[in-house]
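Okay, so here's the structure we're looking at.
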Amino acid sequence: MAEDSPKKDSSQELDSELVRRVQQGDSAAFDILVRKYQQRIIGLVGRYIPDWSECQDVAQDAFLRAYRAIGGFRGEAQFYTWLHRIAVNTAKNYLVAHNRRPPADDIDAADAGQYDAGTRLRNTDTPEREAMRQELEETVMRAVDALPKELRTAITLREVDGLSYEEIAQKMDCPIGTVRSRIFRAREAIDAQLRPLLDAPEAVRERNRI
């Protein structure tokens with residue numbers, strides 16, 4: 001048990017740092033939070049909404065709501081606890097809007113954490129795979145930070161904010177062809193940083209175990 005505490009503290013510190021960066025306008029940092037908690041939130045929403053396609057849409061909506069509200073996050077609770085509450089409310093609102101009755105009892109964060117742990121066991125996650133995933137996420141964040149401003153803006157508007165090429169062109173005041181070129185170059189730069197990790201022998205071994 002003593003070995004788990006440093007990991008937990010480190011995870012919370014990473015969340016706090018990412019939230020701070022999002023609040024300062026770095027939307028790419030929110031993409032890391034999405035990657036970190038996406039499967040957990042999908043699993044949580046799935047306990048309210050069993051249909052897979054609906055569940056995916058509602059989980060995405062929950063992250064969008066969190067992104068819009070993150071300026072008001074003050075760190076009085078852990079980031080995941082705050083995100084969990086948003087996801088539960090989003091799922092319940094979805095059910096009400098579609099004339100379906102939400103469950104009488106909410107799933108609290110502790111239960112959701114246990115559910116997530118069970119899901120991860122069923123998915124045969126290993127400490128090595130978790131470490132690899134974290135390294136990949138940190139590499140993505142560094143790669144995005146290193147991009148020229150116009151590439152970083154284009155890729156975050158596309159991948160994090162979910163804007164269309166036309167909307168990005170309007171926002172950046174440039175032709176759509178330029179937007180496509182910037183996003184392509186940004187992805188190439190990020191892939192170049194990720195490729196050595198993905199091609200490493202330990203990464204290949206982990207993928208082969210799946």
Inset, instruction - Output all residues satisfying salt bridge (Lys or Arg N to Asp or Glu O under 4.0 Å) with Arg65, sequence neighbours left out; order by chain, then residue number. - result: Asp61
Legend entry - Passing option when Arg85 is tested against Asn89, Val88, Leu83 for side chain to side chain contact (heavy atoms under 4.5 Å, CB included): Asn89
Legend entry - Qualifying residues under ring-ring contact (aromatic ring centres under 6.0 Å, His included), relative to Tyr94, sequence neighbours excluded: His98
Inset, instruction - Scan residues 174-188 for pairs that pass side-chain hydrogen bond (donor to acceptor under 3.5 Å, both in side chains), counting only residues two or more places apart or in two chains. - result: Glu159-Arg187
Legend entry - Sequence-distant partners of Asp57, side-chain contact (heavy atoms from CB on, under 4.5 Å), two or more places apart: none
Legend entry - Partner residues of Ala189 under the side-chain contact (heavy atoms from CB on, under 4.5 Å) criterion, sequence neighbours left out: Leu147
Inset, instruction - With sequence neighbours excluded, tell me which residues meet side chain to side chain donor-acceptor pair (under 3.5 Å) with Gln24. - result: Arg20
Inset, instruction - Tell me, please, which residues at least two apart from Arg152 pass salt bridge (Lys or Arg N to Asp or Glu O under 4.0 Å). - result: none
Legend entry - side-chain contact (heavy atoms from CB on, under 4.5 Å) involving Gln56 - partner list, sequence neighbours excluded: Ile42, Trp52
Inset, instruction - Apply salt bridge (Lys or Arg N to Asp or Glu O under 4.0 Å) to Asp145 and list each qualifying residue two or more places apart in sequence or on a separate chain. - result: Arg21
Inset, instruction - With sequence neighbours excluded, tell me which residues meet side chain to side chain donor-acceptor pair (under 3.5 Å) with Asp173. - result: none
Inset, instruction - Please list, chain by chain and in numerical order, all residues satisfying side-chain contact (heavy atoms from CB on, under 4.5 Å) with Arg68, sequence neighbours excluded. - result: Leu64
